[in-house]
**Student:** 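Okay, here's the structure, questions in a sec.
Quick note: residue numbers are just sequence positions, from 1.
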Amino acid sequence: TASVTTTSMPARANGKFPEAGQLVVDPSDPDHIAVLATFGILVSRDGGATFDWICEEAAGYLDYEPVLAVADQVRLLVALTEGVNLSDDGCSWSPAQGAIADQFVVDLSVSQSDPQRVVALSYDADTVTTRFWLSDDAGESFVEVGEPLPPELVGLTLDIAPSDPDRVYISGVLGIQALDGVLLRATISEGSWQTIDIPGSEQADAPYIGAVDPTDAAVVYVRLAGEQGKLLVSRDAGDSWDEAVTINGFMRGLALSPDGSQILIGGESDGVLRADVPPGGDPWAFATVNDFVPLCLTWSDAAAFACGHIALSEGYAVARSTDAGDTFDER
């Protein structure tokens, strides 16, 4: 496999040892890759062969790790404590317009089938209020759409179904006392939210959307945070759930193959595991394929990518696999 190189940086990294924690691929250009690291943003225009560096201050944040997204027209989006910043060249940045400008934005998702469509999730801790935002101009402006989300919802993640830009899911915990894990679903055009309990999920095992199947908008993968990471799968948009696997330690990464037939997961303890996605009702069979310690996993048409901690990943903040995770770089 081909190796991925990064520009050498001072190891300041917010007081942390250098590592990468999120990698996103441009839905309109698979050679355009952006990586969120503890020392800024890394951007590649050649499929990960080389990267350029954008410092935190240029993107509008400092000493924390925001959420990163890439929309149409090779646009970088960064979710901030006050709105969303965007850039088409990594040098000039501007804030997204609209009432989202003063919101603490906790997650972003870009439609794979309509890269002009971006959704955002914001959270106000003072009022315990989560809000849903929509942009149809690649993040230039956002508006709040649909019915209000349930009161006392602490929103964590959201995702647009790759095959249906009108279907969106949100995960979070609900209720100041019980903090039960929930999945919310809606069609954006209708704007009516349905709230569904996620079994075994609560504040200590909070739910994070890992993926939505690329061809079937009803198949949703959710990771449960906790000392033992769990993967739950729903084939009916959250009405029922199956537990696919439990691993030792927090499940940091999850990625579906572009056709949805295979899945990679991983964390600090078990390395990278892979499974073929079985027909509904059949058991899952995960096997460890690599000892790389992934802090994130992403799978594009060109390759699978893993974020890493430089001290634990033989010097790699980002590594690439062209054999479904069997090898990452030439290690």
Side-chain angles (χ1 to χ4, degrees), residues 4 6 13-14 16-25 33-39 41-42 64-69 79 106-109 156-159 171-173 181 198 200-201 203-212 220-233 243-257 262-275 284 286-300 303-321 324-329 331:
V4 176
T6 60
N14 299 337
K16 298 181 179 180
F17 206 85
E19 66 183 33
Q22 185 190 6
L23 186 150
V24 290
V25 179
I33 297 167
V35 181
L36 186 75
T38 52
F39 46 84
I41 299 170
L42 303 174
Y64 69 97
E65 295 170 33
V67 172
L68 184 66
V106 297
D107 203 8
L108 295 166
S109 181
L156 298 173
T157 58
L158 84 166
D159 207 353
S171 75
V173 290
I198 299 177
S201 178
Q203 184 178 20
D205 297 286
Y208 294 82
I209 299 172
V212 180
V220 185
Y221 295 82
V222 169
R223 297 179 294 128
L224 299 189
E227 294 183 0
Q228 287 191 313
K230 292 183 179 180
L231 173 62
L232 302 182
V233 183
E243 184 176 320
V245 68
T246 299
I247 66 170
N248 296 314
F250 180 53
M251 190 181 297
R252 292 292 299 266
L254 184 155
L256 278 178
S257 63
Q262 292 183 302
I263 185 170
L264 295 174
I265 62 171
E268 291 97 335
S269 300
D270 290 346
V272 177
L273 298 87
R274 186 180 65 223
W284 289 76
F286 279 90
T288 300
V289 294
N290 201 289
D291 62 0
F292 189 95
V293 179
L295 303 183
C296 81
L297 290 165
T298 302
W299 205 333
S300 74
F305 293 90
C307 305
H309 188 298
I310 288 178
L312 301 177
S313 306
E314 298 189 12
Y316 293 110
V318 180
R320 182 174 67 178
S321 173
D326 285 335
T327 59
F328 280 95
D329 300 298
R331 302 176 62 235

**Student:** How long is the straight-line distance from CD1 of Ile247 back to CD of Gln228, given to the nearest 0.5 Å?
**Tutor:**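 Here the rounded value is 9.5 Å.
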
**Student:** Is a side-chain donor or acceptor of Asp291 paired with a backbone partner of Gly271 at a separation under 3.5 angstrom?
**Tutor:**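 Pair absent, no side-chain N/O of Asp291 close to backbone of Gly271.
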
**Student:** Kindly give the heavy-atom pair with the smallest separation between Leu297 and Ala306, and that separation in Å.
**Tutor:**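 Looking at all heavy atoms of both residues, the shortest contact is CD2-CB, 3.8 Å.
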
**Student:** How many angstroms lie between CG in Leu264 and CG in Leu254, if you round to the nearest 0.5 Å?
**Tutor:**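 Answer for the CG-CG pair, Leu264 versus Leu254, is 8.5 Å.
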
**Student:** Given side chains that start at C-beta, do those of Lys230 and Asp205 come closer than 4.5 Å, heavy atoms only?
**Tutor:**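 Of all side-chain heavy-atom pairs linking Asp205 with Lys230, none is under 4.5 Å.
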
**Student:** Given side chains that start at C-beta, do those of Gln22 and Val35 come closer than 4.5 Å, heavy atoms only?
**Tutor:**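 SC-SC contact between Gln22 and Val35 ruled out.
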
**Student:** Take Ile33 and Thr298 through the test side-chain contact (heavy atoms from CB on, under 4.5 Å) and record every step on the way to the result.
**Tutor:** CA-CA 11 Å; Ile33 297 167; Thr298 302; over 6 Å; no

**Student:** Got a donor-acceptor contact below 3.5 angstrom from the Arg274 side chain to the Val289 backbone?
**Tutor:**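 Flag not set: sc Arg274 to bb Val289 has no pair under 3.5 Å.
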
**Student:** Could you pull out the closest heavy-atom pair between Asp329 and Ala319, with the gap in Å?
**Tutor:**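 Answer, listing the atom of Asp329 first, then Ala319: OD2-CB, 2.6 Å.
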
**Student:** Could you tell me the separation between the OG1 atom of Thr246 and the CZ atom of Phe286, rounded to the nearest 0.5 Å?
**Tutor:**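 Output value for this atom pair is 10.5 Å.
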
**Student:** To the nearest 0.5 Å, what is the distance between CG on Asp326 and CG on Asn290?
**Tutor:**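 Result: 8.0 Å between the selected atoms.
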
**Student:** Roughly how far, to the nearest 0.5 Å, is the CD1 atom of Ile198 from the CD1 atom of Ile209?
**Tutor:**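 Going from the CD1 atom of Ile209 to the CD1 atom of Ile198 covers 7.5 Å.
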
**Student:** Measure across Ala303 and Ser321 and return the closest heavy-atom pair with its distance rounded to 0.1 Å.
**Tutor:**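 Smallest heavy-atom distance, with atoms named: CB-O, 3.3 Å.
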
**Student:** Grab the two heavy atoms, one from Ser300 and one from Phe305, that are nearest each other, plus how far apart they are.
**Tutor:**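 Here Ser300 and Phe305 meet closest at OG-CE1, 3.9 Å.
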
**Student:** Ignoring hydrogens and angles, tell me if any N or O in the side chain of Asp107 forms a donor-acceptor pair with the backbone of Leu158 under 3.5 Å.
**Tutor:**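 Yes, Asp107 side chain to Leu158 backbone: donor-acceptor pair under 3.5 Å.
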
**Student:** Over all heavy atoms of both residues, which pair between Gly172 and Pro207 is shortest? Give the atoms and the distance, please.
**Tutor:**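 Where Gly172 meets Pro207 most closely, the heavy atoms are O-CG, 3.4 Å.
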
**Student:** Main chain of Tyr208, side chain of Thr157: is a donor-acceptor contact present, judged purely on distance under 3.5 Å?
**Tutor:**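 No, Thr157 side chain to Tyr208 backbone: no donor-acceptor pair under 3.5 Å.
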
**Student:** Calculate, to the nearest 0.5 Å, the distance between atoms CZ and CZ belonging to Arg223 and Phe250 respectively.
**Tutor:**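 Going from CZ on Arg223 over to CZ on Phe250, the span is 5.0 Å.
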
**Student:** What pair of heavy atoms forms the shortest contact from Val233 to Ala244, and how long is it?
**Tutor:**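 Shortest heavy-atom separation between Val233 and Ala244 comes out as CG2-CB, 4.0 Å.
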
